[in-house]
Q: 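Structure provided below as structure tokens; questions to follow.
Along the sequence shown, residues carry numbers from 1. Both counts, for ligands and for their atoms, begin at 1 and track the order of listing.
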Amino acid sequence: MAKCEHQHPGGSVKDRAAHALIQAAIESGELQPGGTIVQATGGNTGISLAMIAKAKGYRCHLTIPENISNDKKELLRILGATVTECPCVPFADPRSYCSRAHAIAKATKGAVLPDQFEHVANAKAHYTTTGPELWRQCGQALDGFVCAAGTGGTIAGVSRFLKSAHSACATFLIDPTGSGHKCFVETGQFASSGSCFIDGIGISRRTANFGTAVVDGAFRGDDREAIEMAYYLLRNEGLFVGPSAALNVVGAVKLARKLGPGSRVATVLCDGGERYRATTFNAEWLASKGLTPKCQGDDLSFVKEDPRHTFELSHEMWSRVISDLVRNLPREWRGTTFNNSNLLGREGFACRLHDLLTRRAFSGEPLVSEDLVDLGQAEDYLRVASNVTTTLEAIHARQSGLGVSRVFSFPSALRMPIAAVVLATDRAAAVRVYIGDGPPPFTPEQERMLAHVGCALIISRGGPPATRQRERLAQEDDDKSVVLCVPSALPDRGIYNLRRAPPSAVDGIVGDGMLLILDENRIRPSDILVVRKRLCTPMTTPVAIQRLEQLASGRVRVAADADAPPPQSELDAFNAHLQELSGTSVDADTPPVCYTAGLSALSALWIALIAGGGADVVMSSTAYGGSSQVTDILAARAPSKLRKHTFEVSGCSQIVDTVRGALNGLLQRASHHDGGSTGSTTVLPRSSRDRDPHEILNGSTTVLFVEAPTNPDMKVPDLPTLATMLAQHAAATGARPLLLVDTTLAPMSRVMAKARSAAPDLPVMVLLSMSKSVSRGLTTAGALVANHAPDAAALLSRARDVGEMLETMATDDQIRRLVDNHVGTEERCAKAYRVAMAVGAHLRATVREHCGATMGLSTVSAEAASNGYASTTISFNLPPPKGTSEQQAAALAQRFVDELCLDKARFKPCVSFGQDNGLVYCTVPATSTQGAIKAEDKAKQEVGGVQLVRLSFPPSLDEEAACQTVTRAVRACYPTAA
Ligand SMILES: Cc1ncc(COP(=O)(O)O)c(C=O)c1O
């Protein structure tokens, strides 16, 4: 059914919006008798405004682009409007028709400039008129409504009305090629490609009007479908309508196909064909665009299958495009870090990928590596989301009908996906998991461990509750519980027809390494994203590639050799190497524990401590952002068990002094039981319920957590002194001590040997993110290494239990890559250090030459480097060129990095370090990788207290070429120099 909106007096649906906007201006008092309505429009809105203004006795002044047809200009003048023709220049140009409208409105007394995009009187008109009329005229029986969006007024008002009248009515958008609305409906983000010729519909920003729409989904429609439909309607129905009306009918066919035979679907015909005599209904114009209609009779085959259906229906098309994709995965997609100059986010990336796959699936053209490279990047770091895992998630999202923002992959089949929900759910609530006839995911001991940081977890056999039962449970749980179920427990045993038959009493589906969120209010995607980014990783790239291959072929691939677990002897050699790097004797009985990433290792350690006697963690305020955040997250989940206290290392602070201050603060607190904050020690707020004055003295651990060297100042902590101080502190408080050293920036620093010289029995652990130098950037991974002290070994064993509980232990493919690449870490680090120092010295000399100032450079000193602290990273604040404004000075760091990164073969705008690929990684700001920079640090940056640029060097680099690039970049930043 089509509502004939082209039969309004003004000839289009815009009569409604124009009338409503004028009425709103009158009612608000803005438009007074004799006033003028000003508007930039060459389209239907102008015609409606001119006509209604005339009828109501107002003046109307329209600005139009000069290229619109003479017919239209004449019509506007006949209707009584003043018409100002403007050149076709960009919107921002003061001569453009938009800018001119604003200028005219400003200069005209009593003028109003109604905004049809942002003023919701537009959508309201459709809510109060179009929607109710349609519902009545359809006999109050309608299964679906579909239309396109320009301002979004029609779809918003009509969809909202229909949903309120009949919530089962499906509401859909048909979006022309090049418009971003479809992507927005599916993923919450605007992204598009291509363009279309149809006037008045499709844009790529969220308008206030569109924002009020309630739509279930979106179809894509293109120029050809619209043209064919315009002729179809003329031929078969005697309807002479414009291309946007035709596109709406295309949408109606798609929706009718989706809803099935017998369904009643409606749309609107926006305007008549008369206005398109020179385009849609002009043979020459059509031929010039390659759009000459080809179909005959009542053949509707030109309306393309909706891709969502195609992927469900046509297995061949789908398989082909996915196997093309797997075969042509760009090399760049397999490392740990990605160029961050074209970062799209998961949603933006998934949109562009959908469009690409759809186009290739239909056209049959092969999908090549360059197509994929051109997409851009989902994220800049593999632990956050890789392009490969995002691709897998996007495909699951498409097949299940959920947006990609609701689909997450994990390195663990079932436990981490469940744990992620448990960790992201209010502690006062419960997570109920229905596991069908599968085995229970956790042992009772593991459940107890998880309970320390999570909410209640209730595992039940069988399928999810029926709606009625859920309601009963909701009462029991105070309506706070979250219901999860495994795919095999779903009534139809699959996730691919959720859109058709969503299980109403289930909030999320977990299993096969995926979490699919059905109810975003109960499981918040943003919370899951944080947990996944900080406590684990997405599915590893090789496993995700295997999954994609399975999707393409339907077969389970036998794992290639490269992903098989390595033989024990190689594993032993690797473990021994980690112990050597950490400076403890090789001990096969207490092997290091490897996790999917450095942060998973750290979170396992924190949870192990929480599950034991609790811990006070004393750490640097500028510690790597991820480490800080993991600590904050877990401290918030278990405030009585994990407390964070900070000390300063940046600026001129001496680490030993500020650590002493922090430990003293802790000591005072222990003796006074006052729970307050002292000196530089920050005590996280605790509620009185959580406070146990005896805890600190009773089985709890004091963890001194230092980075060697520090972030981002590259200071080297005096470990023997720190070890002594910690041992003394432990003796005074009775707390168990743990010295935890993050050696990620200098993996070969043998810190345990250094600590042992001063405090022979002190328990020491090393946290080593191997995502960089050790793995050479081929995988993420993180190790915990314990020294000989029994407490350290016991804690490591508990941290291993946590890793097993969460399934965040390094996977076979990760171990394989570590075992294949760890050898030579020391040489690579030493070499990269030399490269860093050489290029750093060149940089300093060049800066001095070009601006006269001597620039400080944070590096590890030669002496510290020979002592094992060689770091591949340098950081610095460029001195502002003389006479620059504050603003220019603040932008200098980014400017410099941009200049460096013009040399794409050597410099990469991305956070990482120590990879063996010939690339210098350039980060701004430098405080923290992954950009987790705190407000207080930002403030320090502004006064130069925190280094702004961080460059991390690879072991092999064409140094001469790199120095030339540095010279060029310095020259560009200090242009006035000789
Ligand atoms: C100093 C430091 N520690 C730990 C980590 C965390 O490692 P991962 O990224 O493997 O989780 C990083 C990451 O960049 C780091 O820079």
Q: With a cut-off of 6.0 Å (strictly less than), are more than 12 heavy atoms of other residues, nucleotides or ligands near NZ of K831?
A: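 It does not: K831 NZ has 12 such atoms or fewer within range.
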Q: Give the atoms of ligand 1, by number and element, whose distance to some non-hydrogen atom of F913 is under 4.0 Å.
A: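 Close to F913: 16 (O).
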Q: Near G598, which atoms of ligand 1 are under 4.0 Å from a heavy atom of that residue?
A: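 In order of number, 7 (O), 8 (P), 10 (O), 11 (O).
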Q: List ligand 1 atoms under 4.0 Å from N711, heavy atoms only on the residue side.
A: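 Counting atoms of ligand 1 from 1, those under 4.0 Å from N711 are 1 (C).
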Q: At a 4.0 Å cut-off, with the gap strictly under it, does some heavy atom of D742 reach an atom of ligand 1?
A: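 For ligand 1, residue contact (heavy atoms, under 4.0 Å) with D742 is present.
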Q: In terms of the angle between their ring planes, are H822 and H577 parallel, tilted or perpendicular, with boundaries placed at 30° and 60°?
A: tilted
Q: Give a yes/no on ligand 1: does M770 have at least one heavy atom closer than 4.0 angstrom to it?
A: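 For ligand 1, residue contact (heavy atoms, under 4.0 Å) with M770 is absent.
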Q: With atoms numbered from 1 as shown, which atoms in ligand 1 lie under 4.0 angstrom from a non-hydrogen atom of Y381?
A: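 Those atoms are 8 (P), 9 (O), 10 (O).
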Q: Quick one: which ligand 1 atoms are inside 4.0 Å of a heavy atom on K772?
A: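 Per the distance check, 7 (O), 9 (O), 12 (C), 13 (C), 14 (O).
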Q: To which of K533, R383, E707 does the heavy atom nearest atom 11 (O) of ligand 1 belong?
A: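 That would be R383.
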Q: How long is the gap from CG on L843 to CG on L878, to the nearest 0.5 Å?
A: 6.5 Å
Q: Side chain, backbone, both or neither: which part of T780 comes within less than 4.0 Å of ligand 1 when only heavy atoms are counted?
A: neither
